[in-house]
Each structure stands twice: as structure tokens, then as C-alpha cells.
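Working notes, beginning with the structure itself.
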Amino acid sequence: MVRRMNSDIPATIHIVGPADAHLLENIAEDVFDEQVTPDLLADYLAEPNHVLCVAVLEGVVIGQARAIIHKHPDNTPELYIDNVGVCPRFQRNGIGLDMVTELFAIGRARHCTDVWVATEADNAAARAFYKSFDLTMEPMVMFDGEL
């Protein structure tokens, strides 16, 4: 558990491991894109290169940030920031900043030399948030589809 550094909201930051799944029993609105289910959470937490960071206030998860330690056969590991969500009524209070800062620290501890994140071109709030970390915006093309 890490005490918050960037706001007056007395939330605590936790890195969630398999034994900490109970922390996600109460989740505020709009923190995750979909409902967290015990089986999906257990699968996620069982992966050693998955990192889940949550902000908890009075027993309720009010923010989450996920990352993957992306390993390569020809390069050093990279930290991929997969998703960040904060309950709307707590946004712009430093919670996302604290969680992502904690993910960066974990990435450095796990020998990651680079970090990357993607967001939608029209998501101005996310783009401004990631620029605050002095990350360089790179033009890219992404393809997705169903399997």
C-alpha cells in the first residue's frame, strides 16, 4: 500500500496480487470499462507480467490503472500502460497521476527501459494526461477486430 502524494483525497494506492482480489469487491462507477468478475480477475492476477494498481477510498475502488510488462526476444522489457480509469467525481485530483507513477516505479524495478500507451485520437483528456508525463506522442495506425 502506498499513501497518495498528489491530493487531499485520503485514498490509498495498492498493487493488487492474487491474495488482494477482495479489494475489488466494491468498485465505484465508471472505474472499469466493464464489470469485473471473479474469474476474469483471477486470470488477470495470475499472470506475472500483469500489474493492477487501484486507488481505494473508504473501502471502495475509485481508480484503477493496468499495465503489462511486455517482454521481447530482441530487446529489453517495456511497460505498456493498458488502461486507466478514475470514478468521474474523483477525476482531476491526482489519483491517476499517483497510480501511473506507481506503475512507472514497478516498470523500472522490473528492468523496463521504455513505456508506451495508446489512446483514441479524439480523447483530449487522456492525451493531456499522458503528455504531463513528458511522453512523446507518436503517430501510429492501429488495427483491431474480433477473433
Side-chain angles (χ1 to χ4, degrees), residues 1-73 75-138 140 142 144:
M1 177 175 61
V2 176
R3 288 270 172 220
R4 301 252 357 274
M5 303 296 230
N6 294 303
S7 100
D8 293 329
I9 296 173
T12 54
I13 304 297
H14 301 261
I15 300 303
V16 182
D20 306 310
H22 66 278
L23 290 172
L24 283 95
E25 290 174 357
N26 295 309
I27 303 170
E29 63 194 48
D30 296 323
V31 171
F32 287 86
D33 295 330
E34 303 292 336
Q35 182 177 350
V36 173
T37 63
D39 57 329
L40 292 175
L41 178 60
D43 283 349
Y44 185 89
L45 297 176
E47 293 290 334
N49 289 328
H50 287 178
V51 183
L52 175 59
C53 182
V54 296
V56 179
L57 177 65
E58 298 174 356
V60 178
V61 172
I62 61 168
Q64 62 85 21
R66 288 175 275 174
I68 299 170
I69 307 295
H70 190 197
K71 294 189 174 187
H72 305 278
N75 207 340
T76 57
E78 296 174 311
L79 181 69
Y80 166 58
I81 305 296
D82 182 41
N83 192 284
V84 178
V86 176
C87 176
R89 67 178 215 242
F90 295 105
Q91 290 176 356
R92 291 179 176 51
N93 280 292
I95 293 167
L97 176 65
D98 283 345
M99 292 186 301
V100 172
T101 298
E102 187 65 19
L103 292 178
F104 283 6
I106 290 168
R108 285 190 291 277
R110 302 266 308 265
H111 310 290
C112 294
T113 55
D114 293 302
V115 60
W116 67 283
V117 61
T119 191
E120 295 80 9
D122 63 351
N123 190 337
R127 290 172 59 160
F129 175 71
Y130 294 122
K131 282 183 182 180
S132 75
F133 290 97
D134 291 327
L135 300 177
T136 304
M137 188 169 56
E138 299 286 340
M140 65 178 278
M142 184 185 92
D144 71 354

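Residues take their numbers from the sequence shown, with the count starting at 1.
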Under the ring pair (Phe, Tyr, Trp, His ring centres under 6.0 Å) rule, what pairs show up with a residue in residues 24-67, not counting sequence neighbours?
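For residues 24-67: Y44-H50.
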Under the ring pair (Phe, Tyr, Trp, His ring centres under 6.0 Å) rule, what pairs show up with a residue in residues 77-128, not counting sequence neighbours?
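Of all non-adjacent pairs touching residues 77-128, those that pass ring pair (Phe, Tyr, Trp, His ring centres under 6.0 Å) are Y80-W116, F104-F133.
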Grab the two heavy atoms, one from [X] and one from [Y], that are nearest each other, plus how far apart they are.
| X | Y | answer |
| --- | --- | --- |
| H14 | T12 | NE2-OG1, 2.9 Å |
| N26 | G59 | CB-O, 3.5 Å |
| I95 | A55 | CG2-CB, 3.6 Å |

Going from [atom1] on [X] to [atom2] on [Y], what distance comes out if it is rounded to the nearest 0.5 angstrom?
| X | Y | atom1 | atom2 | result |
| --- | --- | --- | --- | --- |
| I69 | I106 | CD1 | CD1 | 7.5 Å |
| I68 | C112 | CD1 | SG | 11.5 Å |
| N93 | D98 | CG | CG | 10.5 Å |
| E29 | I62 | CD | CD1 | 11.5 Å |

Show me the pairs that pass side chain to side chain donor-acceptor pair (under 3.5 Å) and involve residues 31-42, at least two apart or across chains.
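Those involving residues 31-42 are D33-N83, T37-D39.
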Just list the side-chain donor-acceptor pairs under 3.5 Å for residues 121-128, sequence neighbours left out, or say none.
unit_1 : atom_1 : unit_2 : atom_2 : d
N123   : OD1    : A126   : N      : 3.0
R127   : NH1    : A121   : O      : 2.6

Yes or no on side chain to side chain contact (heavy atoms under 4.5 Å, CB included) for C53 and I15, after CA distance, side-chain angles and deciding distance?
CA-CA 4 Å; C53 182; I15 300 303; 3.8 Å; yes
Say whether R89 and Q91, considering side chains only, have a donor N or O and an acceptor N or O under 3.5 Å apart.
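Not at all, the side chains of R89 and Q91 share no donor-acceptor pair under 3.5 Å.
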Applying side chain to side chain contact (heavy atoms under 4.5 Å, CB included), name anything that partners L45, two or more places apart in sequence or on another chain.
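Applying side chain to side chain contact (heavy atoms under 4.5 Å, CB included) to L45 gives V16, P18, A21, L41, L52.
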Identified side chain to side chain contact (heavy atoms under 4.5 Å, CB included) counterpart of V36 within the set I27, V61, V31
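So the option named by the test is I27.
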Only counting residues at least two apart or in another chain, list the ones meeting side chain to side chain donor-acceptor pair (under 3.5 Å) with H22.
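Side chain to side chain donor-acceptor pair (under 3.5 Å) list for H22, sorted by chain: empty.
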